[in-house]
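Keep in mind that what you see is a predicted model, and the values were worked out from it rather than measured. First the proteins, then the strands, lettered A, B, ... as listed; each starts at 1.
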Protein chains: 2
Amino acid sequence: MSKPARRAPRQAEAERNDRAVLQAAREVLATDGAHASVAAIAERAGVGIGTLYRRYRTKEELFQHLVAIVLGDYLAAAQEGLAHEDPWAGLVHYVTSAIGLASGSLAPIAGTIAVTPEMADRNERADDAVRALVDRAHDSGALRPDVTQVDLELLIEQLAKSPLLEQLKKQGRTDLLDAAMNARTRITAIAVDGLRAPAPHPLPGDPPGYELFSERWEPPPVG
Amino acid sequence: MSKPARRAPRQAEAERNDRAVLQAAREVLATDGAHASVAAIAERAGVGIGTLYRRYRTKEELFQHLVAIVLGDYLAAAQEGLAHEDPWAGLVHYVTSAIGLASGSLAPIAGTIAVTPEMADRNERADDAVRALVDRAHDSGALRPDVTQVDLELLIEQLAKSPLLEQLKKQGRTDLLDAAMNARTRITAIAVDGLRAPAPHPLPGDPPGYELFSERWEPPPVG
DNA sequence: ATCAAACGGAGTGATTCGCTCCGATAAGCT
DNA sequence: AGCTTATCGGAGCGAATCACTCCGTTTGAT
């Protein structure tokens, strides 16, 4: 009140660093999995550890923020799919986009961090959008009728995490990365073709329950 | 030389323990990935650490032995597939068996251990058997012609490692394990249906080169 | 020139790792 | 029964790694 508050001298740099940290976290999480260290994230972002810890009080807080962002990306991909005129093309857009997103970086930390309201909200909205996408594809007759939404989401998760890409990145074999990404695109195409109606035979077993998806984010039982 | 050598007093127990250690190593490797610790393997096998280290001089030696065994399992699965009269049924047998084997336990340690002659030999023989399986399926017209052997092997690797199963095991949610395995069976069926001829469209990009597979077992470049 | 905000990273205590070492245990011999 | 010896189990060691703190340095709006 007495003095006018000083403006932040290096605010622009701070914002740039924040974006760099979040992007680095995605990449390190994709290659190192659940054992991604804060030091590795800071180094990849090109900032000091202290810089990271001024923005996020703990590692968990950083991951919670990152998960909220990635969930927003999933939601956007689903909405883009709904914007397609052709139901099948829209579904394929979502599936391929979701597989590319963060290369399945979320799965390894599922259950290791607490769920924030923001995370829950975005997850619910993304779920709704995907459900609409699946219903529309079912109604149009393009998606084989015995594939459920949970089948689809689990298939995406299965294809998102590429052991091949992870190992090559960890070994620094950047010369093979392009070939590996091409290979994964082909595998994705194979799986997507398997989703197309008409199916040669019905899927085995009972449709998977939604709890396979929802309960994964609950913290471990006791310890 | 003077005295006749004594017979091993607890030889039967030693052999039982060896089998338990190898089975435990498969399971721990499947859940803990590359960070599987010797202590965890010994505990799961119900033996002391010292027992494990008398049989294998180092952790690497244990893993080398295990890899040789699992490669033998892959070879057996491929040979079983070749024994099928129907080329398509034989190929499906190999794919589904390979996916179930050790749940992709080998990928996380690829490149972290040296390749022994035994490993190289079994790998080569398994490769030959799979090549015959793929050729036969191609000739019969059941397998879509644009799918190569490398496509198939990479698809198997992709489906073998289940993030869902790994997380549930790590959290001790044994109540959901059956549902998760059923879900993976359905996903596998979807992908296998995508392998079936006729294909709705050709696969994108160029066929993947074999180096994606062979170079993974080379130790990291320098460091 | 001033000075507060933002920076980088050495240092800390806790934890985990692969592996060694040694006292306890039990099967085969006499 | 008593002796012998291969095998067993796990406490403990040094090294490595972790999340996080603390503080001297840099920067840029005033």
Rounded interatomic separation in angstrom, taking [atom1] from [X] and [atom2] from [N]:
{"X": "B:Tyr53", "N": "C:dC22", "atom1": "OH", "atom2": "C1'", "result": "17 Å"}
{"X": "B:Leu52", "N": "C:dC21", "atom1": "CG", "atom2": "P", "result": "17 Å"}
{"X": "A:Ile41", "N": "C:dG9", "atom1": "CD1", "atom2": "P", "result": "17 Å"}
{"X": "A:Gln11", "N": "C:dC3", "atom1": "CD", "atom2": "P", "result": "21 Å"}
{"X": "B:Glu15", "N": "D:dC8", "atom1": "CD", "atom2": "C1'", "result": "16 Å"}
{"X": "B:Tyr56", "N": "C:dG18", "atom1": "OH", "atom2": "C1'", "result": "17 Å"}
{"X": "B:Ile109", "N": "C:dG18", "atom1": "CD1", "atom2": "P", "result": "13 Å"}
{"X": "B:Glu43", "N": "C:dT16", "atom1": "CD", "atom2": "P", "result": "13 Å"}

Under 4.0 Å: is that the gap between some side-chain N or O of [X] and OP1 or OP2 of [N]?
{"X": "A:Arg54", "N": "C:dC7", "result": "yes"}
{"X": "B:Asn17", "N": "D:dT7", "result": "no"}
{"X": "A:Thr51", "N": "C:dG8", "result": "yes"}

Q: Starting from the 5' end of DNA chain D, give me the residue, A:Ala36 or B:Gly48, whose nearest nucleotide shows up first.
A: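 First, find each residue's nearest nucleotide; the 5'-ward one identifies B:Gly48.
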Q) Taking atom OG1 of B:Thr112 and atom CD of B:Glu60, what is their separation to the nearest 0.5 Å? A)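 Going from OG1 on B:Thr112 over to CD on B:Glu60, the span is 7.5 Å.
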Q: Output the distance between atom CD (A:Gln167) and atom CG (B:Leu212), rounded to the nearest 0.5 Å.
A: 11.0 Å
Q: Describe the nucleic acid contact of B:Ala40 in one word from base, sugar-phosphate, nothing, applying a heavy-atom distance below 4.0 Å.
A: nothing
(Q) Over 60° means perpendicular and under 30° means parallel, so tell me whether B:Tyr56 and B:His65 are parallel, tilted or perpendicular. (A)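 Rings of B:Tyr56 and B:His65: tilted, as their planes differ by 30° to 60°.
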Nearest to the side chain of [X], heavy atoms from C-beta on, is which of [options]?
{"X": "B:Arg55", "options": "D:dC8, C:dC7, C:dG18", "result": "D:dC8"}
{"X": "A:Lys59", "options": "D:dC8, D:dC18, C:dC7", "result": "D:dC18"}
{"X": "A:Glu13", "options": "C:dC19, C:dC7, D:dG9", "result": "C:dC7"}
{"X": "A:Ala14", "options": "D:dG9, C:dG8, C:dA6", "result": "C:dA6"}
{"X": "B:Thr58", "options": "C:dC19, D:dG9, D:dC20", "result": "C:dC19"}
{"X": "B:Val47", "options": "D:dG9, C:dG8, D:dA19", "result": "D:dG9"}

Q.
Heavy-atom count check: over 12 atoms from other residues, nucleotides or ligands less than 6.0 Å from B:Met119 CE?
A. yes
Q: Go through the steps to decide whether A:Asn182 and A:Thr185 satisfy the test side chain to side chain donor-acceptor pair (under 3.5 Å), and finish with yes or no.
A: CA-CA 5 Å; A:Asn182 174 50; A:Thr185 302; 5.3 Å; no
Q: Locate the shortest heavy-atom distance separating A:Leu159 from A:Ala191; write the atom from each residue and the value.
A: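 Distance-wise, the nearest heavy atoms are CD1-CB, 3.8 Å.
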**Q.** Heavy-atom pair with the smallest gap, counting every atom of A:Gln158 and B:Lys161
**A.** NE2-O, 2.6 Å
(Q) So if I apply the side-chain contact (heavy atoms from CB on, under 4.5 Å) rule between A:Val28 and each of A:Arg44, A:His35, A:Glu43, which one comes out positive? (A)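 For A:Val28, the side-chain contact (heavy atoms from CB on, under 4.5 Å) check succeeds only for A:Arg44.
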Name the pairs: protein N/O against N/O of nucleotides 11-17 of chain D, kept only if under 3.5 Å.
none

Q: Let me know, please, whether A:Gly46 or B:Arg57 comes out on the 5' side of the other along DNA chain C by nearest nucleotide.
A: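 Its nearest nucleotide lies further toward 5', so the answer is A:Gly46.
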